Number of protein chains: 2
Amino acid sequence: MKKPGRTISLDPAAVCKSSDPMAVRELLTKIGDKWSIFLILSLDLLGGRARFSELERAVPGISQRMLSMTLKNLERDGLVIRELFPEVPPRVEYEITDLGKSLLQPTQGLVDWAKANWERVRKAQAKYDSE
Amino acid sequence: MKKPGRTISLDPAAVCKSSDPMAVRELLTKIGDKWSIFLILSLDLLGGRARFSELERAVPGISQRMLSMTLKNLERDGLVIRELFPEVPPRVEYEITDLGKSLLQPTQGLVDWAKANWERVRKAQAKYDSE
DNA sequence: CTGCATCCGTCGGGATACTG
DNA sequence: CAGTATCCCGACGGATGCAG
């Protein structure tokens, strides 16, 4: 699994001053994908632990494929833990880790911002589109 | 507008209903794209105001096409203001709005999280990949 | 200088079918 | 139940060229 993709080099003097921008971008790319946030939030709301089918129901519209893929990525990042119970029928439970929980907090900041300002954004869009 | 705040309900259907998830997702999709965050941060670092070519230099690797497109979207969302000076050669300046600045703050939460925890994520990935 | 237009490769992600 | 395997399409985004 080797995927560099590091074709661009950011100028440390400019953007990199405040932080490591690549990490930020990778993070945003990660949680900015279509389902990650919902799964993290859902897991939290479900008590920090849920099985595959529960998550499937908790996030309407998600396909099995994307649920499986996204969970695998979250597991790889250490944000959730996958536990397989060798039963028949099989049961798999996903649990949010402390690292995952810690991400929940800054995420909440964005959620709050969205709730507080989304109306303004919508209005700005409407105004822009009408001109 | 329905907004039950952060209702802790274990009802799976309520998971995605709390805190208007679509707005959250749209926001994340927006700022989670490849360049928006960098432009917002760069604009801030450049004093809240900069011209096209400055931004192009401030964000190495961005193409003119994406710079133009991203700025247009940010303008449409009311996060930046575009000002055209009818000179020869033409000059265009972009200024971050108050709304844009307000977004900067919750974003900083993610930046801080990335700085604080990215190493852990990397290690989790390395461990996962080695298994 | 500041874009827009066009071409084009890559990739996320949906639909569907199949497996242990 | 909990996935994996394929197919497929549209969106993202880079490179280049043209325009005001």
Side-chain angles (χ1 to χ4, degrees), chain A residues 1-10 22 25-39 42-43 46 49-77 80-95 128, chain B residues 12 22 25-26 28-39 42-43 46 49-77 80-95 128:
Chain A
M1 164 92 60
K2 190 60 192 359
K3 237 272 294 172
R6 184 64 62 89
T7 53
I8 60 178
S9 61
L10 286 171
M22 291 319 295
R25 197 168 96 51
E26 287 182 47
L27 169 67
L28 285 172
T29 298
K30 206 162 275 304
I31 70 169
D33 74 356
K34 199 166 183 180
W35 301 110
S36 291
I37 280 289
F38 282 167
L39 284 179
S42 295
L43 257 179
L46 289 173
R49 191 178 182 84
R51 51 192 298 184
F52 191 86
S53 50
E54 285 180 300
L55 291 172
E56 193 175 4
R57 268 175 278 116
V59 185
I62 194 171
S63 63
Q64 280 190 329
R65 170 188 149 90
M66 291 316 296
L67 179 55
S68 177
M69 276 185 150
T70 307
L71 284 171
K72 193 179 292 183
N73 283 330
L74 293 177
E75 185 196 4
R76 188 174 104 95
D77 295 339
V80 305
I81 289 178
R82 179 180 184 272
E83 199 168 353
L84 165 65
F85 297 84
E87 306 169 355
V88 179
R91 174 166 57 104
V92 177
E93 290 190 2
Y94 293 88
E95 184 172 9
Y128 183 94
Chain B
M22 291 321 292
R25 197 167 95 50
E26 286 182 48
L28 285 172
T29 298
K30 207 163 274 305
I31 70 169
D33 74 357
K34 199 167 182 179
W35 302 110
S36 292
I37 279 290
F38 282 169
L39 285 179
S42 296
L43 258 179
L46 290 173
R49 190 178 182 87
R51 53 190 300 185
F52 191 85
S53 50
E54 285 180 300
L55 291 173
E56 192 175 5
R57 268 176 278 114
V59 186
I62 194 171
S63 63
Q64 282 189 331
R65 170 188 150 89
M66 291 316 295
L67 179 56
S68 178
M69 276 184 150
T70 307
L71 282 170
K72 190 181 292 183
N73 283 329
L74 292 178
E75 186 197 4
R76 189 174 104 96
D77 295 338
V80 305
I81 288 178
R82 179 180 184 273
E83 201 168 350
L84 165 67
F85 297 85
E87 306 170 357
V88 178
R91 174 166 57 104
V92 178
E93 291 190 1
Y94 293 88
E95 185 173 9
Y128 182 94

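Naming: A, B, ... by sequence-line order, numbering from 1 per chain. Just so we're clear, the structure is a prediction, and the values are computed from it rather than from any experiment.
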K.L.:
Of all residues at least two apart in sequence or in a different chain, which pass the side chain to side chain contact (heavy atoms under 4.5 Å, CB included) check with B:Leu28?
P.N.:
A:Ile37, A:Leu110, B:Val24
K.L.:
Measuring from atom CG of A:Leu46 to atom CG of A:Leu55, what distance do you get when rounded to the nearest 0.5 angstrom?
P.N.:
6.5 Å
K.L.:
Can you list the residues that meet the side chain to side chain contact (heavy atoms under 4.5 Å, CB included) rule with B:Ser53, with sequence neighbours excluded?
P.N.:
B:Arg51, B:Arg57
K.L.:
Considering only heavy atoms from C-beta outward, does the side chain of A:Leu67 approach that of A:Val59 to under 4.5 Å?
P.N.:
no
K.L.:
In degrees rounded to 10°, what angle is found between the helical axes fit to the five outermost pairs at each end of the helix from C:dC1-D:dG20 to C:dG20-D:dC1?
P.N.:
40°
K.L.:
Counting only heavy atoms and a strict 4.0 angstrom limit, can you tell me which residues of residues 83-95 of chain B come near DNA chain C?
P.N.:
B:Pro89, B:Pro90, B:Val92, B:Tyr94
K.L.:
Do any side-chain nitrogens or oxygens of B:Arg51 fall under 4.0 Å of OP1 or OP2 in C:dC1?
P.N.:
no
K.L.:
Only pairs under 3.5 Å count here: list side-chain donor-acceptor contacts from residues 80-91 of chain A, not counting sequence neighbours, and write none if there are none.
P.N.:
unit_1: A:Arg82; atom_1: NE; unit_2: A:Tyr94; atom_2: OH; d: 3.4
unit_1: A:Glu83; atom_1: OE1; unit_2: A:Arg49; atom_2: NH2; d: 2.6
unit_1: A:Glu87; atom_1: OE1; unit_2: A:Arg91; atom_2: NE; d: 3.4
unit_1: A:Glu87; atom_1: OE2; unit_2: A:Arg91; atom_2: NH2; d: 2.8
unit_1: A:Arg91; atom_1: NH1; unit_2: A:Glu93; atom_2: OE2; d: 2.8

K.L.:
I need the full list of salt bridge (Lys or Arg N to Asp or Glu O under 4.0 Å) pairs touching residues 67-77 of chain B, with sequence neighbours left out, sorted by first then second residue.
P.N.:
A:Asp129-B:Arg76, B:Lys30-B:Asp77
K.L.:
Checking A:Asp33 now: which residues fulfil side chain to side chain contact (heavy atoms under 4.5 Å, CB included) with it, not counting sequence neighbours?
P.N.:
A:Ser36, A:Thr70
K.L.:
Going by number, which of residues 28-35 of chain A have a non-hydrogen atom under 4.0 Å from DNA chain D?
P.N.:
none
K.L.:
Using 0.5 Å steps for rounding, measure from the CG atom of B:Leu71 to the CH2 atom of B:Trp35.
P.N.:
12.5 Å
K.L.:
Measuring from atom CD1 of B:Ile31 to atom CG of B:Asn73, what distance do you get when rounded to the nearest 0.5 angstrom?
P.N.:
13.5 Å
K.L.:
Return the set of residues passing side chain to side chain contact (heavy atoms under 4.5 Å, CB included) with B:Ser63 (not counting sequence neighbours), or none when no residue passes.
P.N.:
B:Arg65, B:Met66
K.L.:
What residues in residues 63-74 of chain A put a non-hydrogen atom under 4.0 Å from any atom of DNA chain D?
P.N.:
A:Gln64, A:Arg65, A:Ser68, A:Lys72
K.L.:
Earliest and latest nucleotide of DNA chain D, 5' to 3', sitting under 4.0 Å from a non-hydrogen atom of chain A?
P.N.:
D:dC1 to D:dT6
K.L.:
Quick one: side chain to side chain donor-acceptor pair (under 3.5 Å) partners of A:Gln64, sequence neighbours excluded?
P.N.:
none
